[in-house]
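Here is the structure we will look at.
Residue numbering restarts at 1 for every chain, and letters A, B, ... go by the order of the sequence lines.
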Protein chains: 2
Amino acid sequence: MGITKNQIFTDKQNDLAQFFKVLGHPARVAILQYISNQNACICNDLVEEIGLAQATISQHLKELKSIGLLHGEVEGKSMCYCINIERWTAIQNQLNSFFNTTKSNCC
Amino acid sequence: MGITKNQIFTDKQNDLAQFFKVLGHPARVAILQYISNQNACICNDLVEEIGLAQATISQHLKELKSIGLLHGEVEGKSMCYCINIERWTAIQNQLNSFFNTTKSNCC
DNA sequence: TTTATATATTGCAATATTACGATAATAAAC
DNA sequence: GTTTATTATCGTAATATTGCAATATATAAA
C-alpha cells in the first residue's frame, strides 16, 4: 500500500507527525542549521554548502516552507530564505507539549 | 534515486533526523500516547485501539524500539511495551538543543 | 534586447515506507 | 502433546520519498 491512513488519527496527531516528518531528513536539519548561522540566507549558497543538486535543495526548501518554518523573499535575482521564528517557537512548543504529556508508567 | 545521502551529513545531523523521522508517523505518535495513558501496555490492545493490522502495529513498534524509545518485556504470552523514560528525556533534550541553537537572524 | 545568474518545476529512476495477509514462533492452558 | 492466544517475521502490492538532469521562469546586467 504505502499510503499512510491519516483518517484514523486525530488532526493533532497528524499535524504533530507532519512536523516531525518534515524535520526527519538530515538535509533539512542541515539547511536550518546553516541558515541559522548566516547573516544572509541565499539558496545558492546551500547547494555548495550541503552538497546536493540545486533541484534537490529547492525541493527540501519547499517542504520546510510547507509547515511554515521558512519564509522567502525575493532579493534581487536571488532568494532570501529565513527562519520564521514565531512558527519555529510554536512548533517547538507543540513538540515539547507532546514530550511532556507522554510519560512512562510501567516497567 | 530515493536513497538519502547520509554520508554527506554529520552523525549528529543524521541522528537528529532519524529521531524526527521515527516520530514522523501518526501511528507512532498515537502508540506512544496510548502506552503513556495505560497502566499496562500490551501490544494486542494497540491493534484494536489504533485500528491498523497486527503486523503493521508490530512494525511500528519495531521502529520505536530502534531508537530506544520503547523497551518490551515478555509478560506471559503477551508483551509489555513501555516507554524508556531516560531515553525519552534524552531525545527531548537533543531536539530542544537543536531548536534552541537554531535562530532567526534576518528578514 | 540579449545575456548571464538564480531559483522553481517537471519528469524520471531508484529506493523507502506503509500496510496487510499468511505464516512462524512462543508460551499458557487444557 | 495439542490447542489457543499473542507477537514477530516474511512476502508482496501500492504509494511516497529522494535525487538529479533538463527545462522553465524571473530578474539583473550588459
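Of the candidates dA16(D), dT6(D), dT5(C), the closest approach to any side-chain atom of I3(A) belongs to dA16(D). Set against dT7(D), dG19(D), dT7(C), the side chain of C43(B) has dT7(D) as its closest nucleotide. Counting only heavy atoms from C-beta on, L61(A) has its side chain closest to dA8(C) among dA8(C), dA5(D), dA19(C). Side chain of T56(A), nearest nucleotide from dC20(D), dT9(D), dT7(C): dC20(D). You'll find that the side chain of K21(A) is closest to dA16(D), out of dA8(C), dA16(D), dG11(C). Proximity note for Q54(B) (side chain, C-beta onward) versus dA29(D), dG19(D), dA22(C): the nearest is dA22(C).
Under a cut-off of 6.0 angstrom, the local environment of CD in Q7(B) is crowded, with over 12 non-hydrogen atoms contributed by other residues, nucleotides or ligands.
Within 4.0 Å of I57(A), counting heavy atoms only, lies no atom of the nucleic acid at all. A55(B) comes within contact range of at least one nucleobase, with a heavy-atom separation under 4.0 Å.
Listed here is the closest heavy atom pair of R28(B) and V22(B): NE-O, 2.5 Å. The shortest heavy-atom contact between V29(A) and F98(B) is CG1-CE1, 3.8 Å.
With S58(A) contributing its side chain and Q54(A) its backbone, the two residues share no donor-acceptor pair below 3.5 Å.
At dT17(D), none of the side-chain N or O atoms of H60(A) fall inside 4.0 Å of OP1 or OP2 (strictly under the cut-off).
Comparing T4(A) and G76(B) along DNA chain C, the residue whose closest nucleotide (by nearest heavy atom) sits nearer the 5' end is T4(A). Across the interface with DNA chain D, nearest-nucleotide mapping of F9(B) and K65(B) shows K65(B) to be the residue nearer the 5′ end.
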